[in-house]
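Working notes, structure below.
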Amino acid sequence: MLGHSPATPYTGTVNQTPAPLPDAPDYLQRLNPEQRMAIETTDGPLLVLAGAGTGKTRVLTTRFAHILLSGRARPYQILAVTFTNKAAREMRERIGTLLGEPVEGLWLGTFHALCARMLRRHAEYVGLSSGFTILDTDDQLRLLKQVIEPLRIDSKRWPPQGILGVIQRWKDRGLTPERVTPAEDCDFADGRCRAIYASYQARLVQLNACDFGDLMLHVTEILRTRPDVLAQYHRLFRYILVDEYQDTNTIQYLWLRLLAQREGQQSNICCVGDDDQSIYSWRGAEVENILRFERDFPGAAIVRLERNYRSTAQILGAASGLIAHNDGRLGKTLRPGRDDASGEKVRVASVWDSDDEARLVGEEVERLRAGGHRMSEIAILVRAGFQTRAFEERLIALGLPYRVVGGLRFYERAEIRDALAYMRVLNQPADDLAFERIVNVPRRGIGAVAMQKFHQAARDAGIPLTAAIGTMLERGEIKGKARDSLAALLNNLAQGREALPREGHVVVVDRLLEESGYIDMWKADTSIEAPGRLDNLKELVRALADFDSLGHFLEHVALVMENEESAGAERLSIMTLHGAKGLEFDTVFLPGWEEGVFPSQRTLDEGGLKGLEEERRLAYVGITRARHRAIISHAASRRIYGNWQSAMPSRFIEELPDEYVTTTGAASQTRSRGLGQAPVFSSAFPVTARRPRATDSADKGESRSGTALTVGTRVFHQKFGYGTVSSVEGNRLDVAFDKAGSKRLLDSFVEKAP
DNA sequence: GGATCGCTGATTTTT
DNA sequence: TCAGCGATCC
């Protein structure tokens, strides 16, 4: 495998560093030789291994501009793929800046957005029509439940989410129902997943809809089976650029390979990625894709970007030392791009518990703020969501402005989903899932029983729900309140649809939301959230005006679905390590580096090396987010699911090279001085609030310094109370506590019982 | 249709 | 511990 031969830095078609020509165009000035190589090696397959902070985005965008400006291709002949909308947007903007004007008609976007665009052109090949709806997670699940229901599957044992997960994983691997072999289908839902998958797909076609996975799956299937369509794209795309290649899953890989491998021509595909930052295997990403690049594209050139312009030498040293513990890497060492001998060492702080940890971080943030540090340049990066709470509480208490990144998104709010459902039915009357969502919102006296009847009628006649209800109304088969309210709703929708070309989508949607009573429903709501929801709805209608049609708007929402938050606000960010990928901050806090938290308990339980290495990459990503200052912390005891558990420092802490790290608190004692010391809280973190517990223990600890603990010794722990030492292993103890049971902990957190 | 009770299970998340 | 869910009751 490629990973075992990382010796040659550059292979294949390129072996000379282009000399920085004095007459090189402006946009190529002030790039380092590796970057120039990555940009100027335009033809033939190229893998750019771009370490954290090595100017990856700059290379990608400059390469794009270079291909255009050197006359190698027209803008629409370059396919540029990213994972997130944010990355796509950033690329588009920077290309515009480089070229001096915004460029139109680019094939630049996320895998899914590009596939949606392609699928609209060829939808008929997979039984859809070009106006198909893209379902969100909610709809997917609802649809799947409908499919499962008649099968009488025990939803306790086999939750629909689980089945949906199986289906999605198949889709990630490029498996249509026909391609799933019976052998693959036995582990879940008594071997009926394959059948469920098939009927789920059939229902989607009936609804003229597809889910997210289908965007990739359908297009790949078309490219696989329609040589004429494939040839068309081969002729179109002369160059392909891929960002974050290490995150591609199998279907994305297949899609790229189909587009790149052209009969009788070389593949001008350039993939940029970093195997050390692959942290999404649990989502189907295959690091193998990047490790295998040379085999897939023979004659591929490889360029390594290793000069890091982001972080201090100390931070890079710590991160590099850590990631060196992983096997099977493509091999890459970050070198400081600038001279930064004055940089601070990475700090590792030991604390008692999560409250202490939050207090420590809060104090340090206050200190930084007082020193003029920008709040938006500080981040607290956690492994998992539950860790954020302690920090939030502390920051609120201190009055420090923060935001938790990655909470509920705009599109996930109930009122936005409702309003979108109204628009979807307006746009496509056959959208049963959307109709179901709104039929009784606001209340129209339609219960489960009535819906059952409508469904039956629609199924029998083979028509959409709205059509079936329309027929039933005409025949007088619906009575009472339901009759009037449904007639009014269908009337609103029909009139809106008819008025659409005349009055425009903004006016029509606005009126539909008003006349259907949806807006009134929230006006009548007395809860505190209601005004906010009305604001959101106004915002949504306002956003409509940015699009030339309802269809385009819905497409955008389905694919982009993100919350455009007020940027630039002076707040520190709390987010997960995953969420921080691609970002950078002056100061980064990395709390919770404990066995069982980071690496996570689940990874430890699985016991595999792969999982652990991914956690280590996550740690690497965390450290490399910091420009100037990284502060790692670990607590000796943490409350997990309601009870206190003692925690060992993360193995990743031990893996940091000593010369780049300074430790404060208990870890420093255990790392360098060994047994018998109580936690000492470093003066590096000036204590403003009094911490009686910690201080007490430190004092007592010092008074008995030098006393070795042996098996049978009676000890006292601040949280667990009294206990007896049952084994000693270096500085690690097993203690049988009288009340709290048996725990494993660092000797420095207990003291000899009086 | 809405409130209440008890059970369960609890990383990481984009599109 | 505690939120989120489904079942149950009014």
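The sequence lines fix the lettering, A, B, ..., with proteins before strands; numbering per chain opens at 1.
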Discussion item. Centroid separation under 6.0 Å, is that true for the rings of A/Tyr233 and A/His122?
Written reply: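 Between A/His122 and A/Tyr233, the centre distance is under 6.0 Å.
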
Worksheet item: Can you tell me how far P in C/dC5 sits from the matching atom in B/dT12, rounded to whole Å?
Response: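 Nearest-Å result for C/dC5 against B/dT12 at atom P: 15 Å.
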
Worksheet item: Given the C1' atoms of C/dC2 and B/dT13, what is the spacing between them in whole Å?
Response: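 Here C/dC2 and B/dT13 have their C1' atoms 23 Å from each other.
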
Discussion item. Going by the rule side-chain hydrogen bond (donor to acceptor under 3.5 Å, both in side chains), which residues pair with A/Asp139 if we only count those two or more places apart in sequence or in a different chain?
Written reply: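 Once residues adjacent in sequence are excluded, the partners of A/Asp139 under the side-chain hydrogen bond (donor to acceptor under 3.5 Å, both in side chains) criterion are A/Arg142, A/Arg424.
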
Whole-Å gap separating [atom2] ([N]) and [atom1] ([X]):
X	N	atom1	atom2	answer
A/Leu215	B/dT14	CG	C1'	13 Å
A/Gln645	C/dT1	CD	C1'	12 Å
A/Asp136	B/dT15	CG	P	14 Å
A/Lys145	C/dC5	NZ	P	9 Å
A/His112	B/dT14	NE2	C1'	7 Å
A/Met451	B/dG1	CE	P	13 Å
A/Glu244	B/dT13	CD	P	15 Å
A/Asp353	C/dT1	CG	P	16 Å

Discussion item. With a 4.5 Å cut-off on side-chain heavy atoms, are A/Leu577 and A/Val621 touching?
Written reply: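 A/Val621 does not reach A/Leu577 side chain to side chain.
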
Practice prompt. Side-chain contact test, heavy atoms from C-beta onward, threshold under 4.5 Å: evaluate it for A/Gln168 versus A/Gln140 and give yes or no.
Written response: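 Contact flag for A/Gln168/A/Gln140 side chains = yes.
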
Worksheet item: Aromatic rings A/Tyr518 and A/Trp522: how do their planes relate, parallel, tilted or perpendicular, breaks at 30° and 60°?
Response: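 Because their plane-to-plane angle is over 60°, the rings of A/Tyr518 and A/Trp522 count as perpendicular.
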
Discussion item. Can you tell me if A/Asn85 touches the phosphate of B/dT15, counting only side-chain N or O atoms and a distance under 4.0 Å to OP1 or OP2?
Written reply: yes

Practice prompt. Tell me whether the OP1 or OP2 atom of B/dT15 has a side-chain N or O from A/Asn249 closer than 4.0 Å.
Written response: no

Worksheet item: So what does A/Asp211 hit on the nucleic acid, given a heavy-atom distance under 4.0 Å: a base, only sugar-phosphate, or nothing?
Response: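 If one applies the 4.0 Å heavy-atom cut-off, A/Asp211 turns out to touch nothing in the nucleic acid.
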
Worksheet entry | Sugar-phosphate only, base, or nothing, as touched by A/Arg389 at under 4.0 Å among non-hydrogen atoms | sugar-phosphate

Fill in: Residues which pass salt bridge (Lys or Arg N to Asp or Glu O under 4.0 Å) with A/Glu90, listed by chain and number, not counting sequence neighbours
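In terms of salt bridge (Lys or Arg N to Asp or Glu O under 4.0 Å), with neighbours along the sequence ignored, A/Glu90 is linked to A/Arg94.
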
Response to the item:
Nearest-nucleotide check on DNA chain B, A/Asn440 vs A/Thr110; residue mapping nearer the 5' end is A/Asn440

Could you list all N or O pairs between the protein and nucleotides 4-12 of chain B that sit under 3.5 Å apart?
| unit_1 | atom_1 | unit_2 | atom_2 | d |
| --- | --- | --- | --- | --- |
| B/dT12 | OP1 | A/Gly385 | N | 2.9 |
| B/dT12 | O4' | A/Arg383 | NH2 | 3.3 |
| B/dT12 | O2 | A/Trp282 | NE1 | 3.4 |
| B/dT12 | O2 | A/Arg383 | NH2 | 2.6 |

Worksheet item: Is a side-chain N or O of A/Arg625 found less than 3.5 angstrom from the main chain of A/Leu583, in a donor-acceptor match?
Response: yes

